Amino acid sequence: MDKFIIKGGVKLSGELNASGSKNSVLPIMVATLLTTGRSVIKNVPDVDDVKHMIKVLEYLGAKVTFKRNTLLIDVPSKVGYVAPYDFVRKMRASYYVMGSLIGRKGKVDASLPGGCAIGERPIDLHLKGFKELGCDIKLEKGYVKARCKKLKGKEMFLEGSKGTSVGATINVMMAAVKAEGKTIIKGAAVEPEVSDVARFLNSMGAKITGIDSPVLTIDGVEKLFPAEYSVIPDRIEAGTLLVSAAITGGELLLKKCNPGHMDAVLNKLKEIGFKLSIGENEIYIKSSRILKPVNIDVLPYPFFPTDMQAQFVSLLSLVDGISIVSENIFEKRFMHVPELLRMGANITIDSNKAIIKGVKKLLGAPVMASDLRASAALVLAALAAEGESEIKRIYHIDRGYESIEKKLRKLGAKIKRVEE
Ligand code: UD1
């Protein structure tokens, strides 16, 4: 198991490119199963979750090549219909095979994903959508077994008590593109990754309108075709890299990103006091001496993303004054906080709120990563901390950040990967 050793206190400075979006490419990879033949996906981040999804596709019968951020996915005329526990346990996003295999075969057996480090994560909305399309759903021995003779388009409301669902919207949309007639998904998630998958499906011949809005209209088609597509930039990786410059008092020119997907994060950085200049595909951030605390409400897009919450908790722990971060999507997503406390942060958790009292400095310490974004938050804190930090279990960060230590080293960070 690898760990990072980080010597903090270096002001990061330089230029980087953002990678492609992990959360877009995972369902896009699975969507290729809706047809037979070779699809080409570009701007794919070289991260462990993508490698894991390649294994899922290969298990189902596809042939996959991954070179220089491009995936070639050859889907045969016969594909499997089972997603075993081992795949889904290692990566929740494996559950996207449900939507695409229901669309392709009207049949899937997928292991239930269960909870994870950031809390309970039900899939009731996914199942509700599949049922609306005419699937018979059984839960047996930890598996969802969906069977459908004929998928029929339907109007449905997919929002749950916690708001819209990215996963359910994508999963149901992937099944609905092959349903007979019109499906209208109201209460659809509007995250850019949902739109990216919809655009990929349209490039395969699907007929989805209302993209970027909470009402998706899907006119079912009988046949889809392989496609060539380039994935959008990863707005969460981009935000994390901006914070790496911000938290160390440095500067960064981030290229190949999409600022249009990052309004909430960019506005908070400005509100704290960082200087930003924003181009069409690039963002320049520079630190400033006077920083002020802010309050953040984590909510579905276009509001502040839960996937940037942990990184901002690290950043705000060094901003003088009191900041309050309310997590309204995954209410228990504060696993990074006890580790930040060990580095000298002053943070109290009150139900779904982190109350952060800024400290003058953080001190390097051995810490443990618990999930993907929590590990990013710890890396950021360690970059700013005085002295050396050791971050264990960085396999979490490898799931979703392409060459993170190389990118940070390019900016001057003293970070090395060590095998334990
Ligand atoms: C996706 C992202 C994840 C991000 C999250 C929210 C991927 C691979 N993962 O996760 O990085 O943090 O969106 O932006 O893209 N819910 C239900 N019932 C359901 C489904 C969801 O109650 O059937 C709840 C969840 O528990 C959560 C909220 O709805 O409280 C939003 O979850 P959702 O948008 O579905 O997150 P994911 O798609 O799992």
Side-chain angles (χ1 to χ4, degrees), residues 20-31 45 47-50 52-53 56 88 90-99 110 112-132 137 139 144 156-174 185 187-198 214 231-232 234-237 239-240 261-262 264-265 297-311 326-336 352 371-377 396-397 399-401:
S21 165
K22 168 185 90 74
N23 286 354
S24 275
V25 77
L26 296 175
I28 285 175
M29 290 169 76
V30 176
V47 295
D48 283 356
D49 273 8
V50 165
H52 184 76
M53 194 60 99
V56 176
V88 185
K90 285 191 190 133
M91 185 180 70
R92 288 180 58 83
S94 311
Y95 68 18
Y96 281 129
V97 300
M98 290 193 290
L112 275 163
C116 70
I118 64 174
E120 275 174 53
R121 295 176 76 175
I123 58 161
D124 54 310
L125 297 169
H126 304 233
L127 303 185
K128 173 184 170 186
F130 297 145
K131 278 185 201 156
E132 296 273 22
I137 307 275
L139 301 182
V144 176
M156 62 181 86
F157 184 66
L158 221 47
E159 204 174 304
S161 58
K162 302 271 171 61
T164 53
S165 163
V166 172
T169 305
I170 292 178
N171 238 338
V172 175
M173 177 170 72
M174 286 198 292
I185 303 179
V190 294
E191 269 70 4
E193 295 75 22
V194 176
S195 303
D196 208 27
V197 180
V231 173
I232 55 169
D234 195 312
R235 63 194 168 103
I236 305 301
E237 188 219 20
T240 306
H261 291 159
M262 298 174 64
V265 166
D297 259 315
V298 168
L299 285 164
Y301 191 83
F303 299 103
F304 194 93
T306 173
D307 285 351
M308 281 302 299
Q309 179 257 106
Q311 299 88 317
S326 309
E327 170 59 70
N328 300 302
I329 298 185
F330 297 113
E331 284 151 12
K332 294 179 189 145
R333 192 177 202 177
F334 287 120
M335 302 284 281
H336 41 289
N352 72 325
D371 66 74
L372 174 58
R373 307 303 170 186
S375 46
H396 289 294
I397 209 163
R399 284 187 38 215
Y401 287 90

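We count ligands from 1, going down the list as the structure has it; atoms in each ligand are counted the same way. Worth saying up front: this structure is predicted, and the values here are computed from it rather than measured. Computation of the quantities below employed the complete heavy-atom set of this structure, encompassing side-chain atoms and omitting hydrogens, waters and symmetry-equivalent molecules.
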At a 4.0 Å cut-off, with the gap strictly under it, does some heavy atom of [X] reach an atom of ligand 1?
X    : value
R333 : yes
E193 : no
L26  : no
G160 : no

Checking a contact table here: which protein heavy atom is nearest [atom], and how many Å away?
atom                    : answer
atom 36 (O) of ligand 1 : F330 CZ, 3.9 Å
atom 23 (O) of ligand 1 : L125 N, 2.7 Å
atom 30 (O) of ligand 1 : I329 O, 2.7 Å
atom 2 (C) of ligand 1  : N23 ND2, 3.5 Å
atom 3 (C) of ligand 1  : D307 OD2, 3.5 Å
atom 22 (O) of ligand 1 : P122 CG, 3.4 Å
atom 18 (N) of ligand 1 : D124 OD1, 2.7 Å
atom 21 (C) of ligand 1 : S165 OG, 3.7 Å

From [X] atom [atom1] to [Y] atom [atom2], the distance as rounded to the nearest 0.5 Å:
X    : Y    : atom1 : atom2 : result
S24  : M29  : OG    : CE    : 12.5 Å
Y95  : I170 : OH    : CD1   : 8.0 Å
L127 : L112 : CG    : CG    : 7.5 Å
F334 : N352 : CZ    : CG    : 6.5 Å
F130 : M156 : CZ    : CE    : 9.5 Å
E327 : F304 : CD    : CZ    : 10.0 Å

At a 4.0 Å threshold, what atoms of ligand 1 neighbour a non-hydrogen atom of [X]?
X    : result
R121 : 10 (O), 37 (P), 39 (O)
T306 : 6 (C), 12 (O), 14 (O)
I123 : 19 (C), 23 (O)
G167 : 35 (O), 38 (O)

Side chains of E191 and N23, heavy atoms from C-beta outward: is any pair under 4.5 Å? no
A side-chain contact here means heavy atoms from C-beta on lying under 4.5 Å apart; do I123 and R92 qualify?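 A side-chain contact under 4.5 Å exists here.
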Residues [X], [Y]: salt bridge by 4.0 Å N-O rule:
X    : Y    : result
D49  : R399 : yes
E193 : K22  : no
D307 : R333 : yes

Which residue from K162, E327, K22, Q309 reaches closest to atom 29 (O) of ligand 1 through any of its heavy atoms?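 Minimum heavy-atom distance to atom 29 (O) of ligand 1 goes to K162.
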Best match, T164, V166, V197: closest heavy atom to atom 31 (C) of ligand 1: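 Looking at heavy atoms only, the winner is T164.
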